[in-house]
Amino acid sequence: MGQTMAETASASATEKRSILRKFERREIIIATIVGFVAGALAWLAKMGLDKWVMDPLFCKTPDTFAVCQNAGSISYVVALVLVGILAVSVMHAMRLYRPLLIAVAALASIWGIATWLGPLVWWQATLWDAVIVALSFLLFGLVAQIRRFGLSFFIMLALVVAFQFVVKLI
């Protein structure tokens, strides 16, 4: 029937000892959708920066050949930073737990992915980027649910280093 005070106190103590906070379905959906939209916007912004900023400014003279050669990577990094700021503000407005940590870790983990996606057709690259960013937002959203900030930060840092190792390896 009803719980005794001892049972209620025991259940309350068990909840307090849990290392993870509850990751609600709403938060999972929001993190994934924000990641998907951020990934698509990042690739589209990269294409725009390539066409309207990098090519006209750095690909007209032989003096700026080194910058022109890396224009795709530079454009993608700039696009990731801009989209990351937007993603943090949207996740904060949607009341996600630790939105800055999620966005920084997710975007840092996919930092060099433009070299993989560059040869693809624009719509395929946009779709793949959106899916990869959505999955990274979801993963780091799950890791952010660890109550201890230090532990959560350390795990995210280890994952970012591991992902960057894979990105550079392949």
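The model shown is predicted, which means the values in this text are computed figures rather than measured ones.
Considering every non-hydrogen atom in both Gln164 and Ala108, the closest pair reads NE2-O, 2.8 Å. The two residues Glu27 and Arg95 come nearest to each other via the heavy atoms OE2-O, 4.1 Å. Taking all atoms of both residues into account, the shortest heavy-atom contact from Trp43 to Gly118 is CH2-N, 3.9 Å. Contact between Leu80 and Ala42 at its shortest, heavy atoms only, is CD2-CB, 4.1 Å. In this structure, Ala31 and Phe137 approach most closely via the heavy-atom pair O-CB, 3.5 Å. For the pair Gly112 and Lys168, the tightest heavy-atom approach, listed with the atom from each and the gap, is CA-NZ, 4.3 Å.
Counting only heavy atoms from C-beta outward, the side chains of Leu101 and Phe153 approach each other to under 4.5 Å. Counting only heavy atoms from C-beta outward, the side chains of Leu44 and Met47 approach each other to under 4.5 Å. With contacts defined as side-chain heavy-atom distances shorter than 4.5 Å, the pair Leu151/Ile19 qualifies. You'll find the side chain of Ile110 stays beyond 4.5 Å of the side chain of Phe163, heavy atoms only. Considering only heavy atoms from C-beta on, Arg98 stays 4.5 Å or farther from Met156 through its side chain.
Applying the salt bridge (Lys or Arg N to Asp or Glu O under 4.0 Å) test to every pair with at least one member in residues 50-60, sequence neighbours left out, gives these pairs: Lys46-Asp50. Applying the ring-ring contact (aromatic ring centres under 6.0 Å, His included) test to pairs two or more places apart or on separate chains, none has a residue in residues 90-117.
Interatomic distance, Leu138 CG to Ile102 CD1, rounded to the nearest 0.5 Å: 9.5 Å. From Ser152, atom OG reaches atom CD of Gln145 across 8.5 Å, with rounding to the nearest 0.5 Å. Taking CG from Leu57 and SG from Cys68, the interatomic distance works out to 11.0 Å, rounded to the nearest 0.5 Å. Note that CG of Leu96 is 10.0 Å distant from CD of Glu24, once rounded to the nearest 0.5 Å.
More than 12 heavy-atom neighbours from other residues, nucleotides or ligands sit within 6.0 angstrom of CZ on Arg21.
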Without placing hydrogens or testing angles, list every side-chain donor-acceptor pair under 3.5 Å for residues 125-136, not counting sequence neighbours.
unit_1	atom_1	unit_2	atom_2	d
Thr126	OG1	Trp122	O	2.7
Asp129	OD1	Tyr76	OH	2.5
Asp129	OD2	Tyr76	OH	3.3
Ser136	OG	Ile132	O	3.4
Ser136	OG	Val133	O	2.9

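Remark: the backbone N or O of Asn70 is not paired with any side-chain donor or acceptor of Ser73 at under 3.5 angstrom. A donor-acceptor contact shorter than 3.5 Å links the side chain of Ser89 to the backbone of Leu86.
No single ILVMFWY cluster, assembled from side-chain heavy atoms under 4.5 Å apart, contains both Leu82 and Ile113. Note on Leu117 and Leu49: separate hydrophobic clusters, where clusters join Ile, Leu, Val, Met, Phe, Trp and Tyr whose side-chain heavy atoms are under 4.5 Å apart, directly or indirectly. Following chains of ILVMFWY side-chain contacts shorter than 4.5 Å, one cannot reach Leu100 starting from Val160, and the two form parts of different hydrophobic clusters. If you chain together hydrophobic residues whose side chains sit under 4.5 Å apart, Val104 and Leu107 never meet in one group. Hydrophobic clustering of Ile, Leu, Val, Met, Phe, Trp and Tyr side chains at less than 4.5 Å, counting indirect connections, keeps Phe165 apart from Val161.
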